[in-house]
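Written below as structure tokens is the structure these notes are about.
Every number for a ligand or one of its atoms is a count from 1 in the order of the listing. Numbers here are sequence positions counted from 1.
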Amino acid sequence: MELTLTRPDDWHLHVRDGAALVSVIAHTARQFARAIIMPNLRPPVTTGAQASAYRERILAALPADSDFEPLMTLYLTDNTTADVINAAAAEGSIRAVKLYPAGATTHSDDGVTDISHAWDALDAMQAHGLPLLVHAEVTDRDVDVFDRERVFIDRILEPLARRFPELKIVLEHVTTRDGVDFVLSHDDNIAATITAHHLLLNRNAMFSGGLQPHAYCLPVLKRETHRAVLIEAAVSGNKKFFLGTDSAPHAREHKETACGCAGIYTAHAAIELYAQAFEQAGALDRLEGFASHFGADFYGLPRNTDTITLEKTDWPVPDSYPLGDSTVIPMFAGQTLNWRLRD
Ligand code: DOR
Ligand code: ZN
């Protein structure tokens with residue numbers, strides 16, 4: 001069996017920098033035409049000039065024959081001015097701005113401490129049609145880690161959507177029924193990305209047979225009832241839900257340690273993992289809209305015109321891949337996947 005799709009794009013991706021970037025970028029470029037590149041470097045990508053320089057480093061790291069296009073984002077801070085947004089919009093290569101609540105996840109220390117600090121920037125983004133990409137989790141220590149998305153929606157996102165009714169917002173890596181309901185209850189300026197790992201795993205994966213650091217990500221995996229809602233949203237054919245892997249490589253020793261980093265690496269087999277999730281849901285015919293059409297439409301970019309072909313063939317996922325001078329353990333390491341991208 002074969003499946004041919006318009007070439008997909010990844011609307012949420014971490015590729016890091018330096019030697020790690022060189023290790024991972026080919027995995028994404030072999031499947032996807034474009035990807036929205038997350039700005040959570042150290043220091044974060046907060047200006048158009050930093051984004052252009054990062055874009056050049058990504059292009060330089062690509063295999064010679066690749067025409068993969070990185071789509072750059074800025075990292076929103078308490079000090080992002082309307083001028084920075086206006087300049088980015090005028091220059092044209094910044095596609096979105098990422099909101100990390102300070103302390104929510106990897107390299108989020110420079111994130112927004114109080115959303116009111118961002119009103120001017122958000123106003124300018126709304127005026128320019130520049131999307132806000134949201135890591136939708138509160139950071140309050142008294143909020144249960146499994147409730148952080150729901151509480152963020154109630155406290156921050158609903159009021160934000162009321163204050164900026166035309167602002168384009170992507171609820172990144174949605175993980176809960178509450179997140180899906182939020183997206184469904186708003187107009188078409190509000191959408192969500194869904195990761196392959198949140199479609200394929202529930203929170204049991206973190207504890208199966210012992211603590212599994214490579215199944216730890218943020219937002220953390222949720223219970224099965226939420227996963228079922230994510231599958232329903234992904235295969236619904238609703239253009240508000242589209243592919244964003246949140247593939248987030250960390251060196252093995254930073255995961256298998258006393259205080260392990262959050263992030264699941266899926267770029268090695270992203271489209272194959274989504275194909276598996278859609279096939280399990282009996283909805284392979286819905287994969288193309290989700291993976292290749294709806295994200296481009298939301299961002300106002302042309303759909304890709306070339307195609308990729310997946311074959312129904314078993315293949316073993318390697319135990320690890322190189323990551324700079326270390327290794328990264330990919331999702332389903334050592335297991336068998338049953339869809340394979342034809343080279
Ligand atoms: O699991 C995650 N890893 N979630 C994030 O929000 C950030 C990402 C990373 O950069 O490692
Ligand atoms: Zn991310």
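On a distance-only criterion, His250 and ligand 1 share at least one N/O pair closer than 3.5 Å. Every N/O-N/O distance between Cys217 and ligand 1 stays at or above 3.5 Å. Note: an N/O pair closer than 3.5 Å links Ala262 and ligand 1 by distance alone. By the 3.5 Å distance cut-off applied to N or O atoms, Ala248 is not counted among the residues near ligand 1.
At a threshold of 2.8 Å, the Zn ion (ligand 2) has a backbone or side-chain N, O or S atom of His12 nearer than that distance. The Zn ion (ligand 2) has an N, O or S atom of Asp246 inside 2.8 Å of it. Distance check for His14 against the Zn ion (ligand 2): an N/O/S atom falls below 2.8 Å.
Nearest to atom 4 (N) of ligand 1 among the protein's heavy atoms is Leu218 O, 2.7 Å.
For Lys255 (side chain) and Gly263 (main-chain N/O), a donor-acceptor pair under 3.5 Å exists by modelled atom type. Formation of a donor-acceptor pair under 3.5 Å by the Asn238 side chain with backbone atoms of Lys240 is found in this model. Between the side chain of Gln50 and the backbone N or O of Thr47, at least one donor-acceptor pair lies under 3.5 Å. Panel note: side chain Lys98, backbone Leu76; no donor-acceptor pair is recorded below 3.5 Å.
In this structure, Tyr265 and His268 have parallel ring planes: the angle between them is below the 30° cut-off, well short of the 60° mark. Note on ring orientation: taking the six-membered ring where Trp is involved, the planes of Phe242 and Tyr299 are perpendicular (angle over 60°, cut-offs 30° and 60°). Aromatic ring pairs are classed by plane angle as parallel below 30°, tilted from 30° to 60° and perpendicular above 60°; the pair His135 and His173 is perpendicular.
Within ligand 1, the atoms closer than 4.0 Å to a non-hydrogen atom of His135 are 6 (O), numbered from 1 in the order shown.
Counting heavy atoms under 4.0 Å from ligand 1, residue Asn40 touches it through the side chain alone.
Evaluated by nearest non-hydrogen atom to atom 11 (O) of ligand 1, the leading choice among Met38, Arg16, His14 is Arg16. Nearest residue to atom 6 (O) of ligand 1 from Leu41, Thr105, Val220 is Thr105 (criterion: closest heavy atom).
Residues Phe241 and Phe294 place their aromatic rings such that the two centres sit no closer than 6.0 Å.
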